[in-house]
Amino acid sequence: MLNRGRNIEKGRVITRRMFILAAAKILLFAGISSRLYNLQISDREKYEILSDKNRIREWKTPPQRGIIVDNFNKVLASNDRVFQLHLMLDEIDDFDVTIFKIKNIIGLDKFQLKKLYRKKERLKPWDTLVVSDNLTWEQFSKINLYLHELEGAKPVLSTSRFYPYANDLVHIVGYVGDASPKDLEKPEIKENFVPGLKVGKYGIESSQEKMLIGNYGIKRYEVNASGKRISQIDYIKERQGNKVNLTIDIEIQKYAQELLKEKAGSICAMDIYTGEVVAMASSPTYDPNKFTHGINQKDWKEITNNPLKPLINKSIAGLYSPGSTFKPLVALAALEYGTLDPNKTIRCKGHKHPYELYGVKYHCWKKEGHGYMKLRNAIKQSCDIYFYEMARLLGVDKLSVIAKRYGLGTNVLGEVYNDEKNGLVPDTKWKRRVLEKSWYLGETVINGIGQGYIQTTPLQLCLMTAQIANGGYKIKPHIIKDETINYQNVINKIKLDQSNFPLHERNYLDDINIEYYQRMYHKKSNINFVLDAMFGSTNEQYGTSYRSRYDDPKYQFAGKTGTSQVRRITDLDRELDLDTEQIEYKKRDHALYVAFAPYKDPRYAISVIIEHGGSGSKAAAPLASKLIKRIIDRHNLREQISNGNSSLA
Amino acid sequence: MLRERIQTNNYSFLDKLKSIDYLLILLIIAIGSISIFAIYSTEGGKFSFYTKNHIIRLSAFFCLFLVLSFVRVSTWYKNAYLFYIVGLILLITVLFFGISASGATRWINLYFLNLQPSELMKIGVIICFARYYHRIQSSDIQSYKFLIQPIILLIIPCYLVIQQPDLGTSILIAGSGIAIIWLAGLNIKYFVYSGLLLLVSLPFAISILKPYQKSRILTFFNPDRDPLGAGYQIIQSKIAIGSGGFFGKGYLKGTQSYLEFLPEKHTDFIFTLFSEEFGFLGSIILLLLYILLIYRIINTGLVSRSFFAKLYCFGFATAIFLYVFVNIAMVLGMLPIVGAPLPIMSYGGSSLLSIMLGLSIVMSCKIYNQEQISVY
């Protein structure tokens, strides 16, 4: 009985404890349920995002760069197919091992390897490393063969920039290269960047980045845990960059480069009404295609060690004293201000009796002197003595007003080239402000023949000539086609204004702001006088560029030579009177020439500068002459294009 | 009257059929069916190896369960120690002849099945303790003499299992053993004392853990410590469950599992897969099925006459609870990842076999609930 009572007690204990346990179980299950509630209901969104992040991976696809075409729609910069190898850094276990395998497969040298490591250090661990952006077909197929051994490696079929006209255009179009950290700060690049994408480094490629870069595409894939793509979910197509249409005529550009071969210098050609830059050659030049995949050390050294400085775009970044090419403008200024009667006669007596001012002697370039000169003849034969006197009478401040108005002293193309120089048109205020010295009259005198402080770029000289040749109207030079303006209307308007010659209230001699396509002159006859004198300089005997003339009125042009000294000419030099070839290259004069054509109905202005080329009439004018013929031959084609008949291209 | 009939072997087959717990059978079938669908989903909706094997094992062990249910409970009682000893021998065999997989030696190759004796030992300990405490007078339970024996009986298999190494199973064995000692009526102070002792010896215990076990525990406290390594499983499991939401992503649409972000999805993480595809609703229903199952087992214990049956049923119910709780809490990131399968749901023959075996003993307790078991 006792036993039985104990057993009942034992059963009770067991049952009681079971209920305690059961209560604990219910409590713990409740805990699990609340945890489930937390995860699946409260935090659901968070985990959904995490789950999508797990399974969806995005690949950005690089956009095609917009092409660049010339005035005739000829492609100047295109996109070529290239084979690339990318490494997904986040998918690699051991970078060293992978890179070693790749090294063996495609054959990288020590230098390239070092470069890759340096590149990798700059990247974030989930970035893509572009191992090579230009594999040969053999390398590419080899990589594909061993792909299963290379985790994270991705062979990519991509496009890269190609410049069919290579050397002929590099100073205009520029080139592309890998984006530097500084490039990536630019918003247009930052927004559209994809690893491996090339960005503009210079010229149109750089300044028109916004147009050219396009938008990247996005490929969304569902991936499994090992990163293998299972299915494509989404594909937002990339958008190619926009086309950039230049005003350049590649045929003329090519010819200009050819003319400059083996020389250092620049040739610019411009439409005098529309302001379209037809050619802008700079020599020596280099191949932009070499930069696309990173230039190698040897090629780079070759470019940088060249004493003729190929990297400098001489048309806009080269600064030269205009020399005698400045004379038409000096004459125009003097006429406009009524400083001088063009019939005034001044005698040029040669080196024995130079021009004297406060005891300083100023020589004419012609040893034996020009004799008695009137203004027209002085321009035609480029007599320095006449211009010394004229400049003295005119004064530097008036001269600078006119010089600035006709395009000197400010950069021509604005934002397009970041290396374009402003040049310098001095005046008394400038000297006081910058050099903190007062102006000497002697400086005015040499300013009259384009020497001294004055500095111009070849494109500025071209613009100056164009604005004189078009009858004194302000134009807007540009190298990227401007579709917003109807140039036929502009031309018609200017021509109407030229022939009607109505009186204007405006006093153009003040230093005033003049809008585009407005008159810049006070008296039309003054402009015509200068143009006529330039005609004489080229087409009449004793003219400085008489030997380069054309008699056919179709090609007949008018111009002005210039020879700009790169150093002071001493008495000893005058005594020796050496030929250009006999002087050390660095000490030779720059040869300049500006011209417009055809004379009867001008349409194009041209400027030529040959660095250390000697005299303008011998070195520069013949080149201009050849190019003018080519430009005029192609004028009709150009007209058709601008009239909307682009099928001719 | 029924009691007498059992004692005198007049207990007819019809009587036995009448006292079968049909609800329990229904629950087993329900959870079993869910498990087949879940395993089918782990294979990406293809009827192949795992699904096939799981179906075969489920049906085979279910039949075994039905047959063994009719073994008299007194027979189980008589062979309880034998069960334990056989389990122990198998565990020792594993030590010498076991086959290894992923760094652990847990299995014996039986050609048709890789038997994991530690799973059988889960039942072995329960049945052994049930018999042990069935015999002991309630007055003797508190004495050290009778306390030391079960502790030794518990430590031996636990130690052997830890050596495999298999911390999870060893904890579960210990847990169910301790539960029975508690149920038998051992004074609560022992539990408090040993709990304190455990706390004090914790630093020492951690020092003897294997590096991977340590890292699991550390990772449990901070899964982001190593998101691609030890923390990966917990993080991915939480993402899968959380992204399931209320209704789930839909059957066969669990992206986390079919894109292979989920580790061990057939075995320890089967709940994660189920929860991802069926959401909060499905998870709660599954949880309710387990609660019902546990309730039915407890109920059998309540209607049983013998202490053995009571102790066994309560102990086994606690064990099932522990398995379910540890597994789900683990995949929910509430407990460290220790490697504990979800009963019936998880793929794995040994675990299924031991659960079915355990259930068949429960069923036998139910059918013979009026049977008296003499102490000797």
Side-chain angles (χ1 to χ4, degrees), chain A residues 2-3 5-57 90 93 125 221-231 233, chain B residues 133 136-139 141 179 182-186 188 232 235-236 238-246 248-249 255-256 258-263 275-276 279-281 283-284 287-288 290-291 294-295 298 301-302 305 307 310-311 313-315 317-318 321-322 324-325 328-329 332-334 375:
Chain A
L2 191 75
N3 208 357
R6 275 192 190 142
N7 277 349
I8 289 166
E9 172 59 26
K10 193 173 165 187
R12 274 196 195 135
V13 168
I14 290 173
T15 309
R16 194 171 63 230
R17 293 216 160 173
M18 187 278 297
F19 276 116
I20 294 170
L21 259 187
K25 286 173 196 170
I26 287 166
L27 229 70
L28 287 174
F29 269 138
I32 281 182
S33 305
S34 73
R35 174 74 169 181
L36 271 170
Y37 181 88
N38 250 329
L39 287 176
Q40 298 193 299
I41 291 166
S42 310
D43 288 345
R44 178 198 181 159
E45 239 169 85
K46 172 183 148 194
Y47 287 108
E48 258 176 2
I49 291 165
L50 284 172
S51 159
D52 280 347
K53 239 171 138 182
N54 255 347
R55 71 185 184 98
I56 296 169
R57 214 169 282 184
D90 54 338
D93 288 333
Y221 282 96
E222 192 167 63
V223 294
N224 69 10
S226 41
K228 201 180 146 218
R229 282 178 245 188
I230 302 298
S231 61
I233 298 172
Chain B
Y133 282 107
I136 292 177
Q137 301 291 327
S138 57
S139 54
I141 284 175
W182 156 266
L183 284 166
L186 185 67
I188 197 156
Y232 181 80
I235 291 172
Q236 293 301 338
K238 273 162 73 180
I239 291 173
I241 293 168
S243 63
F246 186 79
K249 291 179 181 167
T255 55
Q256 283 285 100
Y258 87 75
L259 296 172
E260 287 149 38
F261 288 99
L262 270 189
S275 191
E276 187 188 13
F280 181 71
L281 193 66
S283 308
I284 291 295
L287 218 53
L288 281 174
Y290 278 116
I291 290 170
I294 291 165
Y295 163 72
I298 290 172
L302 286 175
R305 263 181 69 89
F307 291 136
K310 274 184 195 294
L311 274 172
C313 287
F314 296 159
T318 309
F321 165 79
L322 273 178
V324 173
F325 175 76
I328 295 179
L332 288 176
M334 299 162 82
V375 176

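Just so it is clear: chains get the letters A, B, ... in the order the sequence lines come, proteins before strands, and each one is counted from 1. All values below come from the heavy atoms of this structure, side chains included, with hydrogens, waters and symmetry mates left out.
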Structural part of B:Tyr295 lying under 4.5 Å from a heavy atom of chain A: neither
Close side-chain approach of B:Lys238 and A:Arg35, heavy atoms under 4.5 Å: yes
Determine yes or no for a side-chain-to-main-chain donor-acceptor pair under 3.5 angstrom, with A:Lys10 supplying the side chain and B:Ile136 the backbone. yes
Chain A heavy atoms under 4.5 Å from B:Ala317: which part of the residue, side chain, backbone, both or neither? both
One option among B:Gly244, B:Gly248, B:Ser283, B:Ala179 has the most heavy-atom pairs under 4.5 Å with chain A, and it is B:Ser283
Could you tell me which non-hydrogen atom of B:Leu259 sits nearest to which non-hydrogen atom of A:Val223, and how far apart they are? CD1-O, 3.4 Å
Would you call B:Phe280 and A:Leu39 a side-chain contact if the rule is heavy atoms closer than 4.5 Å? no
Donor-acceptor pair, distance only, cut-off 3.5 Å: does the side chain of A:Arg17 make one with the backbone of B:Trp182? yes
Closest approach of B:Ser275 and A:Leu36, non-hydrogen atoms and distance? OG-CD2, 3.9 Å
Side-chain heavy-atom pair B:Phe246, A:Gln40 within 4.5 angstrom cut-off: no
For A:Leu21 and B:Leu183, what are the C-alpha separation, side-chain angles and deciding distance, and is it a side chain to side chain contact (heavy atoms under 4.5 Å, CB included)? CA-CA 8 Å; A:Leu21 259 187; B:Leu183 284 166; 4.0 Å; yes
Nearest 0.5 angstrom please: A:Phe29 CZ to B:Ile328 CD1, how far? 6.5 Å
Checking side-chain polar atoms at under 3.5 Å, does A:Ser51 have a donor or acceptor matched by the opposite partner on B:Lys249? yes
B:Leu287 versus chain A, heavy atoms under 4.5 Å apart: side chain, backbone, both or neither? side chain
Atom pair CD1/CG of B:Ile239 and A:Asp43 - distance to nearest 0.5 Å: 12.0 Å
Below 4.5 Å, heavy-atom pairs only: which of A:Ile20, A:Leu50, A:Leu28 has the largest tally toward chain B? A:Leu28
Comparing B:Gly245, B:Ala240, B:Gly333, B:Gly279 against chain A, the one with the most heavy-atom pairs below 4.5 Å turns out to be B:Gly245
Can you tell me how far CG of A:Asn38 sits from CD1 of B:Ile241, rounded to the nearest 0.5 angstrom? 12.0 Å
Between the side chains of B:Lys310 and A:Thr15, does any donor sit under 3.5 Å from an acceptor? no
Rounded to the nearest 0.5 Å, the OG atom of A:Ser33 sits from the CG atom of B:Leu288 at a distance of 7.5 Å
Worked verdict on B:Thr318 versus A:Lys25 for side-chain hydrogen bond (donor to acceptor under 3.5 Å, both in side chains): CA-CA 8 Å; B:Thr318 309; A:Lys25 286 173 196 170; 3.3 Å; yes
Contacting moiety of A:Glu222, where chain B heavy atoms sit under 4.5 Å: side chain
Would B:Leu302 and A:Met18 satisfy side chain to side chain contact (heavy atoms under 4.5 Å, CB included), going step by step from the backbone distance to the final call? CA-CA 10 Å; B:Leu302 286 175; A:Met18 187 278 297; 3.7 Å; yes
Quick one: of B:Phe325, B:Phe321, B:Phe314, who has the most non-hydrogen atom pairs under 4.5 Å with chain A? B:Phe321
4.5 Å side-chain heavy-atom contact, B:Leu311 and A:Ile14: yes
Interchain contact, B:Leu322 with chain A, by part (heavy-atom threshold 4.5 Å): neither
Contact part of A:Ile41 toward chain B, heavy-atom cut-off under 4.5 Å: side chain, backbone, both or neither? side chain
Answer with side chain, backbone, both or neither: which region of A:Ile26 has an atom nearer than 4.5 Å to a non-hydrogen atom of chain B? neither
Heavy atoms from other residues, nucleotides or ligands near CD1 of B:Ile188 exceed 12 (cutoff 6.0 Å): no
